[in-house]
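For clarity, every value in this text was computed on a predicted model and none was experimentally measured. One-based numbering along the sequence shown.
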Amino acid sequence: MTRMNKLVCGGALAAVLLAGSCAAPMNDGSITADPTANHPISVAPDMRILRLSFAGDGLPSDDAQRFDRFVGDYLSRGDGSISIAAPAGPGAGDAIRYFGERLINLGVARSRILVGNRQAGGDSRVEISYVAYVAHAGACGDWSKDLSESASNLPGPNFGCATQANLAAMVANPRDLEQPRSMGEPDAARRVTVIGKYQKGETTGAAKAAEQSANISQMAN
């Protein structure tokens, strides 16, 4: 090999090594390529409490609406039981029965209702409470790194933060981020219908309405 060829080969090898060193991650451990690791979502229990006055003859319209909204939130986001705590005294039983029946009428299973008395301590209102889970993500806006120069080839510290924050804000039940829900009871009636159609050789899927169909436009080239 001539001297010129050796110089050319050596220069090419140096260029390859230099390019490889630029592409190799040089991470100090503070940031990774995974935004879920850089901006983790934390899930924590949160006690929801509603206190309403009860005089033995039902609730005023405004309080009734507040109660219905509170129970609706429990049905969609609550975890575990919902409790009714009435101040100890002669009217405690009536208050517990009233709110218990109202919960059942709104769709709460009787097995998920806990009842009890509490010391009034100057507050004669009935307390309804349950535990919900909330998701939190860290604050965004970390532009401490120069994004125009990164020897590590890793995203900036703010990368993915907005996505994680939006996910934490939108998830219906934050506990789904911790563990999957258990499967619900199968629909026995639907199962019988599908098996019957299968045995008859009929289509087992649900029929589509006319407005659910679509046509693909045929355009000439």
Side-chain angles (χ1 to χ4, degrees), residues 9-51 66-85 103 106-109 111-114 127-187 190-191 205-206 212 214 216:
C9 290
L13 179 60
V16 171
L17 293 176
L18 180 61
S21 65
C22 291
M26 298 169 57
N27 188 12
D28 60 0
S30 61
I31 194 73
T32 71
D34 183 5
T36 61
N38 302 331
H39 307 284
I41 297 175
S42 61
V43 178
D46 179 55
M47 178 66 74
R48 307 287 174 87
I49 300 175
L50 177 66
R51 296 182 177 91
R66 291 173 58 202
F67 180 81
D68 292 351
R69 288 194 299 267
F70 186 80
V71 176
D73 186 70
Y74 163 74
L75 291 172
S76 61
R77 302 183 182 184
D79 188 82
S81 301
I82 184 169
S83 65
I84 306 169
L103 285 173
L106 290 173
V108 180
S111 59
R112 300 184 69 181
I113 302 175
L114 300 178
E127 182 175 287
I128 303 96
S129 62
Y130 68 90
V131 174
Y133 282 79
V134 294
H136 296 285
C140 298
D142 184 356
W143 304 107
S144 58
K145 299 293 184 180
D146 184 359
L147 300 182
S148 65
E149 182 179 357
S150 175
S152 65
N153 284 337
L154 291 172
N158 202 56
F159 179 75
C161 184
T163 301
Q164 288 292 93
N166 288 337
L167 177 60
M170 292 187 298
V171 62
N173 188 345
R175 290 204 73 183
D176 292 341
L177 301 176
E178 297 288 314
Q179 61 184 17
R181 302 187 195 185
S182 59
M183 295 183 64
E185 295 295 328
D187 188 338
R190 179 60 183 166
R191 180 170 54 189
Q212 293 177 299
I216 299 176

Atom pair [atom1]/[atom2] of [X] and [Y] - distance to nearest 0.5 Å:
X      : Y      : atom1 : atom2 : answer
Leu50  : Glu127 : CG    : CD    : 9.5 Å
Asp73  : Ile82  : CG    : CD1   : 9.5 Å
Ile113 : Ile84  : CD1   : CD1   : 5.5 Å
Leu75  : Tyr130 : CG    : OH    : 9.0 Å
Leu114 : Ile128 : CG    : CD1   : 13.0 Å

Is [X] reaching over with its side chain to a backbone N or O of [Y], donor-acceptor style, under 3.5 angstrom?
X      : Y      : answer
Arg112 : Gly80  : yes
Asn38  : Thr32  : yes
Asp142 : Asn158 : no

When the side chains of residues 163-172 are checked against the rest of the protein, which donor-acceptor pairs come out under 3.5 Å, sequence neighbours left out?
residue: Gln164; atom: NE2; partner: His39; partner atom: O; Å: 2.9
residue: Asn166; atom: ND2; partner: Ala162; partner atom: O; Å: 3.3

Practice task
Check the surroundings of atom OH in Tyr133: do more than 12 heavy atoms from other residues, nucleotides or ligands lie under 6.0 Å from it?
Solution key: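 More than 12 within 6.0 Å, yes.
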Exercise for the section: Decide yes or no for Pro157 and Ser144: does some side-chain heavy atom of the first lie under 4.5 Å from some side-chain heavy atom of the second? Expected result: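 Yes; the side chains approach each other to less than 4.5 Å.
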Exercise for the section: Check whether any side-chain heavy atom of Arg48 lies under 4.5 Å from a side-chain heavy atom of Tyr74, and answer yes or no. Expected result: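 Side-chain contact under 4.5 Å: no.
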Practice task
Over all heavy atoms of both residues, which pair between Val134 and His136 is shortest? Give the atoms and the distance, please.
Solution key: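 Smallest heavy-atom distance, with atoms named: CG2-NE2, 3.5 Å.
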Handout entry: Nearest non-hydrogen partners of Cys161 and Gly138, listed with the distance
Key = SG-O, 3.9 Å
